[in-house]
J.: 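The structure follows.
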Amino acid sequence: MSRDHVEGTTTALDTAHDADAPFLELLARGADAEAYERPVPLARAEGRSAERIAALERAKLLALRVRAELEGRRRREAELSALFETAHDLAGLRDVDAVLRAIVQRARSLLGTDVAYLSLHDPARGDTYMRVTEGSVAARFQQLRLGMGEGLGGLVAQTARPYVTDDYFRDDRFRHTTAIDAGVRDEGLVAILGVPLTLGTDVIGVLFAADRRARVFEREQIALLGSFAALAAAAIDTANLLTETRSALAGLERANEIIQDRSAVIERASDVHDRLAELVLRGGGVHDVAAAVSQVLDGTVEFTETAPARALEASRAEGHAVRHADDWIAAVAAGGELLGALVLRGHPGLDPVDQRTLERAAMVTSLLLLARRSAAEAEQRVRGELLDDLLDARDRDPRLLRERAFRVRADLDATHVVLAARLDGTAPDADQEAAARRRLWSAASHLAATRHGLAAARDGGTVLLLPLEPGDTATEVARRTARHLGTAVHEAVTVGASAPVRDLAAHPDAVAAAYEEGRRCLDALRLLGRSGDGAAAEDFGFLGLLLGGDRDVTGFVDRTIGRVVAYDERRGTDLLRTLDAYFACGMSPARTKDELHVHVNTVAQRLDRVGRLLGDDWHSPSRALEIQLALRLRRLAVPAAR
């Protein structure tokens, strides 16, 4: 091989390598497709050789193929990840609405559409309705109901096949109606893709992705939306099965209640229960209960703190008396604590009525033991209770208050929340109600001790003073406390919280004021039918202005629209004025754009930004009312501030 030939080959390879370099750099930094068109014209402008330009052309084609392959892989990875996450949500299904919202959100994100939504069939009315929307800003669109066969969704439901239109109002393949077209026009939609949600051969709804501009949906995007629709259908099917199961269980429970109500067995058991309750009310003790049950069962019943371990554990776990040789054993337990057992001696043949009698006697015995023990502990603690002193403001010496708090491992210089807690159930008699209150106080005292707080029985319920951890809110503390106490006492417990209070040693009066605020929140929760929940004044929107002790108008406005105000001030945008116009125009983007003299897409973009700042439910009736009130209060307050 000649030297000239070798040198020519080497030069050609160098040229190819030089041609690859700019495109490799573009690939490395993830440049857009337009950037790949620049090296060739640049080489021509620099007067490079034809061989150099040809090499650049070949390198460009190869680089674009590699870029397309990488983009496709990234897209497929994102799609598979979203499908996996959605399947994971479905596997741990607790709230079907949350799963459907996640499906719609992910579908919108991956397809890059302006709006995504899901409609379901309503068998009772014979039409379909909007179940979940994402990116929608028009109230009328979100409330649409479609008759079967109407609109693009009706076509999808009838044929059980995906349909797509790149221009909704010019497409005559489906039946247009005035109501549907008005809603779509309000939302400003143009291109719409719909895929069916199927269970077996039945179409139960449609999943949509839509844009406010003309667009052609690719085959891969249609397939992806179909995968999300399959997961949505599975979520709905799972929820339906759970509902049917619960309904069947409820039916069985009702049937059982009817049988029990008409049964002589229950009548007899109830009579025995009354006798036991009367005995307790007369001041009887544990051994008096055993003696009374011995007479009823015509045998020997005794209370013991030691019993065969296996039988005792089985009775506690099952909640029933169990047979052990010729004896019957009923565990006496309070919560998870075993207090002993009632043992019926030498009575192997026990009918269901007598077995239930022994079980009720064990329950009464556990209440007696727990009540006596709790009463003794409460009597010792309440006398020197620091929280009572803070509530009554008897000891105003900060030094003494801090010393007393230190002895119970509490820090009065930390920020605290005052919580008012109360049971929501009603006991059949005074003793059982008092026992329930003592259980609540006992659980609250344990919680306060573990959180370095204080607890006291007051006004038929319990008051707690708990430190507020960094990043925590009064609402979160109230809800956690309601769940914790409810679990501990096996009853619904409602909790109202005050706003955070500080410097309690220096200002003990603040505890009493905060307690009254917590009680008002507690009463509001019960009036609103939210028994068993926890909340603070800030959770009640404008009602919080009435519940809070300081009528914090500025705080209400800030909590409601503060993020929008801050965004306008920081970015120089006009979101507040857009909100005002939107509500004034009946929540119609089409009329709002006329009022503001802007394009409907501008209105949609602004309202979408408002949604990201205030939350997806900002246009629901209750939130919309609070937002309008906050806008009006701000208009009244701003001139006064100037």
Side-chain angles (χ1 to χ4, degrees), residues 377-378 380-422 440-459 461-485 488 493 495-522 534-539 544 547-556 558-559 562:
E377 293 173 352
Q380 294 172 1
R381 293 174 183 173
V382 168
R383 293 175 183 171
E385 184 62 55
L386 173 59
L387 181 53
D388 276 337
D389 288 347
L390 287 170
L391 287 168
D392 298 332
R394 290 194 293 264
D395 190 349
R396 297 177 179 272
D397 186 336
R399 182 180 59 82
L400 293 178
L401 287 174
R402 286 191 179 94
E403 288 179 359
R404 294 174 62 190
F406 178 77
R407 287 196 292 268
V408 293
R409 295 185 300 168
D411 181 8
L412 296 184
D413 293 323
T415 302
H416 286 74
V417 174
V418 179
L419 305 153
R422 194 176 303 162
L440 175 61
W441 179 89
S442 178
S445 296
H446 179 72
L447 175 62
T450 58
R451 290 285 309 278
H452 304 296
L454 304 171
R458 182 167 287 241
D459 301 323
T462 300
V463 56
L464 298 95
L465 180 69
L466 297 180
L468 189 65
E469 300 295 335
D472 222 346
T473 66
T475 298
E476 292 167 348
V477 174
R479 288 177 177 167
R480 282 201 307 269
T481 303
R483 289 195 300 268
H484 180 94
L485 296 180
V493 177
V495 177
S498 73
V501 290
R502 301 170 179 82
D503 301 326
L504 302 183
H507 305 94
D509 290 344
V511 180
Y515 173 54
E516 291 303 320
E517 181 178 333
R519 287 186 62 191
R520 288 194 294 271
C521 290
L522 171 62
E538 62 186 22
D539 300 309
L547 298 173
D550 54 1
R551 305 295 190 268
D552 184 14
V553 174
T554 302
F556 167 74
D558 185 62
R559 287 192 301 272

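Nothing here was measured: the structure is a model prediction, and the numbers come from that model. One is the number of the first residue; the rest follow in order along the sequence. Values below: every heavy atom of this structure, side chains too, minus hydrogens, waters and symmetry copies.
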J.: Using modelled atom types and a 3.5 Å cut-off, is there a donor and acceptor pairing between side-chain atoms of R402 and backbone atoms of L412?
T.: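 Between the backbone of L412 and the side chain of R402 there is no qualifying donor-acceptor contact (under 3.5 Å).
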J.: So L466 and V417, do their side chains get closer than 4.5 Å, heavy atoms only?
T.: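 A side-chain contact under 4.5 Å is absent here.
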J.: Search all heavy atoms of A443 against all heavy atoms of A488 and return the closest pair with its distance.
T.: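 That would be CB-CB, 3.7 Å.
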J.: Checking the side chain of S498 only, and the main-chain atoms of E517 only, is there a donor and an acceptor separated by less than 3.5 Å?
T.: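 A pair under 3.5 Å: no.
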J.: To check you understand the geometry: which heavy-atom pair defines the closest contact between T415 and P500, and what is its length?
T.: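 Looks like CG2-CB, 3.7 Å.
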J.: Among residues at least two apart in sequence or on other chains, which ones pass side-chain hydrogen bond (donor to acceptor under 3.5 Å, both in side chains) with R399?
T.: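 Only E403 meet the side-chain hydrogen bond (donor to acceptor under 3.5 Å, both in side chains) criterion with R399.
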J.: For V418 and Y515, which heavy atoms make the closest approach, and how far apart are they?
T.: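 Heavy-atom minimum between the residues: CG1-CA, 3.6 Å.
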J.: Which pair of non-hydrogen atoms, one from A482 and one from V493, has the smallest distance, and what is that distance?
T.: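 Looking at all heavy atoms of both residues, the closest pair is CB-O, 3.5 Å.
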J.: Would you find a donor on one side and an acceptor on the other, under 3.5 Å apart, between the side chain of D411 and the backbone of D413?
T.: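 At least one qualifying donor-acceptor pair exists.
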J.: When rounded to the nearest 0.5 angstrom, what distance separates CG in L464 from OG in S445?
T.: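 Interatomic distance, L464 CG to S445 OG, rounded to 0.5 Å: 8.0 Å.
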J.: With side chains defined as the heavy atoms from C-beta onward, is the minimum distance between E476 and E469 less than 4.5 Å?
T.: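 No; the side chains remain at least 4.5 Å from each other.
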J.: Rounded to the nearest 0.5 Å, what separates atom CZ in R480 from atom CG in L447?
T.: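 R480 atom CZ to L447 atom CG measures 9.5 Å (nearest 0.5 Å).
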J.: How long is the straight-line distance from CG of L485 back to CZ of R422, given to the nearest 0.5 Å?
T.: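 Those atoms lie 13.5 Å apart.
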J.: Please give me the minimum heavy-atom distance between A497 and L419, naming the atom from each residue.
T.: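 Closest heavy-atom pair between A497 and L419: CB-CD2, 3.4 Å.
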J.: Quick one: closest heavy-atom pair of A510 and V501, and the distance?
T.: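 Closest pair (atom of A510, atom of V501, distance): O-CG1, 4.3 Å.
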J.: Determine, step by step, whether L465 and L504 satisfy the side chain to side chain contact (heavy atoms under 4.5 Å, CB included) criterion, reporting the C-alpha distance in whole Å, the side-chain angles of both residues, the deciding distance to 0.1 Å, and the verdict.
T.: CA-CA 11 Å; L465 180 69; L504 302 183; 3.7 Å; yes
